[in-house]
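This is a predicted model, so every value here is computed, not measured. Throughout, numbering of the chain's residues begins at 1 and tracks the sequence. Any value given below was found using the heavy atoms of this structure, including those in side chains, with hydrogens, waters and symmetry copies removed.
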Amino acid sequence: MSGEPAAKKAKTEDYVLYYWPGIPGRGEYVRLAFEYAGVPYTEHADASTLLSIITNPKKSAHPPAFAPPSLKLPSGRFVSQTPAILNHIAPKFGLAGPKYAMLLGAEGESVKIGDKEWEEAEEERAQVHALTLTALDLCNESHDVHHPIAVEDYYEDQKDAAMARAKSYRKNRLPKFLAHFQKVLETNPEAKSNGGAYLVGSKTTTADLVLFHVLEGVSFAFPKRVEVLKKSGKYDNVFKLRDRVANEKGIKEYIASGRRQQFSMGLFRHYPELDDEE
């Protein structure tokens with residue numbers, strides 16, 4: 001049961017993440033992948049030039065991005081949309097599942113395998129991607145609690161709708177997502193040997209990293225509700241995963257470094273009136 005990424009020495013000094021300054025946002029999911037894998041990257045966080053670069057094919061690439069995050073690749077091409085970025089870098093960073101990680105040698109070079117092994121690795125990669133998307137769905141629903149009508153309007157202008165949305169989210173949606181991930185963790189064929197804290201096999205994937213950050217964000221936004229759900233004992237494996245990832249090599253150092261952006265007025269927001277124990 002190894003927490004070590006498979007491709008730490010990949011020559012990827014030219015990765016550049018384009019994202020807004022001051023908030024973790026959707027860019028944080030990409031940062032966590034780089035930090036865990038130990039792959040160097042830089043950030044372009046100049047709000048005055050960000051959109052003019054990534055949405056202009058003459059300054060970035062075709063097709064232009066709709067919105068950040070956008071990742072400039074060593075080739076000079078750009079990939080946008082958080083799940084697309086993660087799905088692209090996951091196999092290169094050893095985050096696409098145990099079977100895919102085995103396809104990489106010690107220096108990150110490809111290993112020759114048969115068609116059956118390749119197909120199995122691709123199927124597992126698809127499973128990792130599906131779990132990543134599901135965790136990002138929870139992120140989106142958490143955001144929509146405080147902006148249930150229009151993203152361009154202030155929270156105060158849709159507060160009544162947010163209060164109604166929050167009640168449903170706390171009672172139904174959040175427990176449903178946690179129950180799903182609890183089931184995934186419990187039924188992982190390797191759960192008995194890995195402590196039930198890995199979503200696929202016994203290796204950290206993009207799905208683990210994304211779920212970790214979503215749980216951190218939900219705990220910030222709804223601390224009362226999360227504490228009750230945690231104490232219920234129904235989702236022990238889910239919170240075990242959060243603790244495991246927080247102490248993984250790469251992530252632990254990233255958190256301790258002070259470089260990790262703090263939650264504030266981004267995707268996850270804490271409004272006391274939207275939180276409750278029920």
Side-chain angles (χ1 to χ4, degrees), residues 20 22-29 32 66-69 81-83 86 129-187 196-197 199 206-246 260-278:
W20 302 114
I23 57 172
R26 291 183 172 84
E28 187 66 10
Y29 300 113
L32 288 171
F66 177 75
Q81 291 283 359
T82 301
L86 294 175
H129 188 50
L131 290 166
T132 299
L133 290 170
T134 303
L136 289 171
D137 284 343
L138 177 54
C139 171
N140 292 337
E141 290 203 22
S142 301
H143 167 272
D144 291 348
V145 169
H146 56 76
H147 274 73
I149 298 177
V151 295
E152 67 270 18
D153 291 341
Y154 290 109
Y155 161 69
E156 289 74 16
D157 297 329
Q158 49 195 314
K159 187 173 179 179
D160 290 343
M163 293 286 285
R165 185 69 172 263
K167 185 175 181 179
S168 172
Y169 174 89
R170 295 192 309 265
K171 181 179 180 180
N172 301 310
R173 302 304 295 167
L174 180 55
K176 184 173 183 176
F177 275 98
L178 296 183
H180 171 70
F181 284 112
Q182 177 69 21
K183 183 190 298 182
V184 174
L185 292 162
E186 286 180 336
T187 58
L199 289 169
T206 53
D208 297 270
L209 296 175
V210 170
L211 181 56
F212 158 74
H213 185 64
V214 171
L215 291 170
E216 293 276 280
V218 170
S219 298
F220 168 80
F222 305 95
K224 290 182 180 179
R225 184 58 176 145
V226 169
E227 185 62 21
V228 169
L229 292 171
K230 183 178 181 180
K231 288 182 177 179
S232 73
K234 297 179 180 179
Y235 318 104
D236 287 348
N237 294 65
V238 175
F239 291 103
K240 186 185 295 185
L241 178 146
R242 183 180 71 173
D243 294 342
R244 176 186 67 76
V245 173
R260 190 185 187 199
Q261 302 281 359
Q262 299 299 306
F263 293 110
S264 55
M265 297 300 287
L267 293 170
F268 300 98
R269 304 185 186 185
H270 176 59
Y271 293 105
E273 63 271 22
L274 299 183
D275 187 23
D276 207 340
E277 295 181 351
E278 99 288 1

Carefully, step by step, assess D144 and Y169 under the rule side chain to side chain contact (heavy atoms under 4.5 Å, CB included). CA-CA 10 Å; D144 291 348; Y169 174 89; over 6 Å; no
Verdict with supporting geometry, N140 and R26, side chain to side chain contact (heavy atoms under 4.5 Å, CB included): CA-CA 10 Å; N140 292 337; R26 291 183 172 84; 3.1 Å; yes
For a side chain to side chain contact (heavy atoms under 4.5 Å, CB included) check, start with the C-alpha distance between E273 and M163, then their side-chain angles and the critical distance, and finish with the verdict. CA-CA 8 Å; E273 63 271 22; M163 293 286 285; 3.8 Å; yes
With side chain to side chain contact (heavy atoms under 4.5 Å, CB included) as the test, would you mind laying out the steps for L209 and Y29 before giving the verdict? CA-CA 7 Å; L209 296 175; Y29 300 113; over 6 Å; no
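Of the possible polar contacts, one joining the D275 side chain to the K224 backbone as a donor-acceptor pair under 3.5 Å is found. Judged purely by atom type and a 3.5 angstrom limit, Q158 uses its side chain to pair as donor or acceptor with the backbone of A150. When atom types are taken as modelled, the side chain of R242 and the backbone of F212 share no donor-acceptor pair closer than 3.5 angstrom.
Applying the 6.0 Å contact sphere to NZ of K159 captures no more than 12 heavy atoms from other residues, nucleotides or ligands. Within a 6.0 Å radius of CD in Q81, other residues, nucleotides and ligands contribute 12 heavy atoms or fewer. Residue-environment remark: CG (N172) exceeds the threshold of 12 foreign heavy atoms within 6.0 Å.
D137 CG to R173 CZ: the interatomic distance, rounded to the nearest 0.5 Å, is 9.0 Å. Atom CG in D208 sits 5.0 Å away from atom CZ in R244 (nearest 0.5 Å). From L211, atom CG reaches atom CZ of F181 across 5.0 Å, with rounding to the nearest 0.5 Å. The OG atom of S168 lies 11.0 Å from the CG atom of L174; values are rounded to the nearest 0.5 Å. In this structure, CD on E28 lies 11.0 Å from OG1 on T82, to the nearest 0.5 angstrom. Separation of atoms OG1 (T206) and CG (L131) is listed at 9.0 Å; rounding is to 0.5 Å.
Here the closest non-hydrogen pair linking G25 and L267 is C-CD1, 3.7 Å. In terms of heavy atoms, S264 sits closest to G22 at OG-O, 4.4 Å. Contact detail for V226 and S219: the closest heavy-atom pair is CG1-OG, 3.5 Å. In plain terms, the two heavy atoms of H213 and L32 that are nearest each other are CB-CD1, 3.7 Å. Smallest separation of non-hydrogen atoms from F222 and V145: CZ-CG1, 3.9 Å. What you find for L185 and G196 is that their closest heavy atoms are CB-O, 3.6 Å.
The pair E278-K167 fails the salt-bridge criterion, with no side-chain N (NZ, NE, NH1 or NH2) lying under 4.0 Å from an Asp/Glu carboxylate O. A salt bridge links R260 and E216; the closest N-O separation between the charged side-chain nitrogens and carboxylate oxygens is under 4.0 Å.
Residues P272 and H270 form a side-chain contact, since some pair of their non-hydrogen atoms from C-beta on lies under 4.5 Å apart.
Sorted by first and then second residue, the ring-ring contact (aromatic ring centres under 6.0 Å, His included) pairs with a member in residues 130-156 read H143-H146, H143-H147, Y155-Y271; sequence neighbours excluded.
The aromatic rings of F263 and F220 sit parallel, their planes meeting at an angle under 30°, below the 60° perpendicular limit.
The side-chain contact (heavy atoms from CB on, under 4.5 Å) with V210 is formed by just one residue from the set T134, V245, L133, T132; it is T132.
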